[in-house]
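Values below: every heavy atom of this structure, side chains too, minus hydrogens, waters and symmetry copies.
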Amino acid sequence: AAAGPAVARPEVPSEDNKLRPKRIAEMVGQRDVIERLQIAIDAARHRGEPLGHILFDGPPGLGKTTFATVIPNEMETVVQFANGAGLKAPKDLIPYLTNVSEGSVLFIDEIHRLPRSVEEYLYTAMEDFRIDIVLGEGVSARTLNLDLRPFTMIGATTRAGMLSGPLRDRFQIREHLGFYPTEDLCEIVCRNSKKLNIGIDQESAMEVARRSRGVPRIANNRLLWIRDYAQSKASGAITLDVAHRAMDMIAVDRLGLDKQDRAYLQTLVRVFAGGPAGLEAIAHTMNCSSDTLEDEVEPFLLRYELIVRTRRGRMATPKAYEHLKTAS
Ligand code: ATP
């Protein structure tokens, strides 16, 4: 049977889905990004045309998938979810492209992982809404030229630098998502506590926010853990004391660094004498993947000036030494 593409929804637990905003008005922070998108959405709707292609980049958990959920809702259209890692050849892309309806959205997460052949296949699809399909093989092969319905591509990447120029240029709107200030995370924690029926005071919400490394997904995860802790070890309500004890138990320190973040700093300081050290060497020593370190650990350490990147490698800053001394 000619089944449609397997819609690769992000693997998220249902509680995460419950917390994910559905409309732009429910999103917190990223005001300048939202303002620009709102203008593009209003204008596209006014013209009755699909929205231009949009590329989001930034560290994980800052809202790329959330934007890919709320934008189609604002445009009153549907979205297909795909992942760059799963699209190994142009034929993997064809079901998605032939499935697009006029003005609908195709979201490709981890778009930097598309192989070159798939990326090139996207060029005419994105620019002219047209693809070539090769039917048959060898001498009897023929090419079918297929018109697609105009659609909007939303790409997301943690590595904007890995995208080729021609692919990047085909996105009319390019937005970088940065870390959230503590006040915005506090607002997210408060809103989500209400959604989950959790009692939390302002001071505790602020503490959760402070220890969430600028990332909404981490704030949500911390909140869910502290909720469990409060229900199991206390009266159910989240107080500052409960929040501290819960975060101590999972070894989240006062800057919000977890075991892996501190292991990175300790490796750099103790094994490599503060650096400079190459990413691969640090990853080997820690026995984990360099991608994880580069995507999930380093962006926050860089932003907090705990490490610097030099041409010769990563170096720990005096702030890192200070933090390791005081971190529990
Ligand atoms: P990844 O690259 O790992 O897929 P992502 O950048 O796509 O991450 P999301 O999955 O969109 O991140 O965000 C994680 C969670 O954080 C969401 O489920 C949502 O609950 C929350 N979140 C993200 N951005 C916002 C926001 N601006 N306002 C409120 N909640 C947000």
Side-chain angles (χ1 to χ4, degrees), residues 10 12-13 15-41 54-71 73-74 109 154 156-158 160 173-227 238-240 242-244 246-247 250 252-258 261 295-306:
V12 281
E15 254 177 347
D16 194 37
N17 258 344
K18 194 154 120 192
L19 300 182
R20 194 190 293 286
K22 305 287 179 294
R23 305 298 299 227
I24 280 193
E26 294 168 43
M27 293 188 75
V28 176
Q30 307 287 356
R31 286 337 294 175
D32 48 348
V33 176
I34 288 178
E35 210 172 315
R36 285 189 290 269
L37 286 173
Q38 194 80 65
I39 290 172
I41 290 170
I54 309 172
L55 179 68
F56 290 109
D57 81 273
L62 296 185
K64 298 185 290 297
T65 310
T66 302
F67 272 112
T69 309
V70 301
I71 291 170
N73 285 341
E74 298 296 330
D109 202 1
I154 299 183
T157 178
T158 49
I173 302 170
R174 281 168 272 175
E175 293 290 356
H176 172 74
L177 300 184
F179 289 110
Y180 288 60
T182 307
E183 294 68 35
D184 287 349
L185 290 184
C186 183
E187 173 73 25
I188 291 175
V189 168
C190 290
R191 285 189 191 194
N192 289 344
S193 302
K194 283 207 189 82
K195 278 192 200 167
L196 295 165
N197 252 330
I198 303 172
I200 187 167
D201 57 61
Q202 181 73 15
E203 202 185 11
S204 312
M206 204 56 190
E207 185 63 5
V208 178
R210 258 195 298 271
R211 296 201 195 195
S212 295
R213 296 156 92 262
V215 180
R217 175 178 296 136
I218 297 182
N220 287 345
N221 289 344
R222 303 263 194 268
L223 177 65
L224 292 173
W225 161 250
I226 298 169
R227 181 229 14 215
I238 299 179
T239 60
L240 197 56
V242 167
H244 280 155
M247 282 189 283
I250 51 169
V252 170
D253 66 32
R254 70 191 158 76
L255 275 189
L257 305 194
D258 61 19
D261 302 320
D295 285 348
E296 291 173 26
V297 177
E298 288 192 330
F300 184 76
L301 300 181
L302 284 163
R303 182 187 170 228
Y304 249 69
E305 297 171 354
L306 291 161

Is there a side-chain contact between [X] and [Y], using heavy atoms and a 4.5 Å cut-off?
| X | Y | result |
| --- | --- | --- |
| P216 | L185 | yes |
| E207 | M247 | yes |
| I34 | R31 | yes |
| S212 | Y180 | no |
| E296 | T158 | no |
| D261 | L306 | no |
| R222 | R213 | yes |
| R36 | I173 | no |

**Report entry** S193/L223 under side-chain contact (heavy atoms from CB on, under 4.5 Å): CA gap, chis, key distance, verdict
**Finding:** CA-CA 8 Å; S193 302; L223 177 65; 3.7 Å; yes

Tell me the closest heavy-atom pair linking [X] and [Y], and the distance in Å.
| X | Y | value |
| --- | --- | --- |
| I226 | A246 | CG1-CB, 3.8 Å |
| G214 | F300 | N-CE1, 4.3 Å |
| A219 | V189 | CB-CG2, 4.1 Å |
| L55 | A156 | CD1-N, 4.4 Å |
| A209 | C186 | CB-N, 3.4 Å |
| I238 | A243 | CG2-CB, 4.3 Å |

Spell out, as yes or no, whether a donor-acceptor pair under 3.5 Å connects the side chain of [X] to the backbone of [Y].
| X | Y | result |
| --- | --- | --- |
| R227 | I198 | no |
| E203 | T239 | no |
| K64 | G58 | yes |

Query raised in the report: What pairs with R23 under side chain to side chain contact (heavy atoms under 4.5 Å, CB included), at least two apart in sequence or on another chain?
Result: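 Checked R23 against side chain to side chain contact (heavy atoms under 4.5 Å, CB included); matches are E26, N73, E74.
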
As an exercise, state the distance from [atom1] of [X] to [atom2] of [Y], rounded to the nearest 0.5 Å.
| X | Y | atom1 | atom2 | answer |
| --- | --- | --- | --- | --- |
| E298 | R303 | CD | CZ | 16.0 Å |
| R174 | I54 | CZ | CD1 | 12.5 Å |
| N197 | N192 | CG | CG | 12.5 Å |
| I24 | T66 | CD1 | OG1 | 11.5 Å |

**Report entry** Verdict with reasoning, R210 to T182, per side chain to side chain donor-acceptor pair (under 3.5 Å)
**Finding:** CA-CA 6 Å; R210 258 195 298 271; T182 307; over 6 Å; no

Report task. Could you check V208, N220, L19 and say which one makes a side chain to side chain contact (heavy atoms under 4.5 Å, CB included) with I188? Result ->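 Of V208, N220, L19, side chain to side chain contact (heavy atoms under 4.5 Å, CB included) with I188 is met by N220 alone.
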
Report task. Report the C-alpha separation of N17 and R20 in whole Å, then their side-chain angles, then the decisive distance to 0.1 Å, and conclude whether the side-chain contact (heavy atoms from CB on, under 4.5 Å) test is met. Result -> CA-CA 5 Å; N17 258 344; R20 194 190 293 286; 3.8 Å; yes

Requested in this report: For Q38, look at atom CD and say whether over 12 heavy atoms of other residues, nucleotides or ligands are found less than 6.0 Å away.
Outcome: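 Atom CD in Q38 is crowded, with more than 12 foreign heavy atoms closer than 6.0 Å.
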
Report task. State whether the number of non-hydrogen atoms from other residues, nucleotides or ligands found under 6.0 Å of K195 atom NZ is greater than 12. Result ->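 For K195, atom NZ is crowded (more than 12 foreign heavy atoms under 6.0 Å).
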
Query raised in the report: By ring pair (Phe, Tyr, Trp, His ring centres under 6.0 Å), which residues pair with F67, not counting sequence neighbours?
Result: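 F67 satisfies ring pair (Phe, Tyr, Trp, His ring centres under 6.0 Å) with F56 once adjacent residues are dropped.
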
Query raised in the report: Residues in side-chain hydrogen bond (donor to acceptor under 3.5 Å, both in side chains) with R191, at least two apart?
Result: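 Expected list: E187.
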
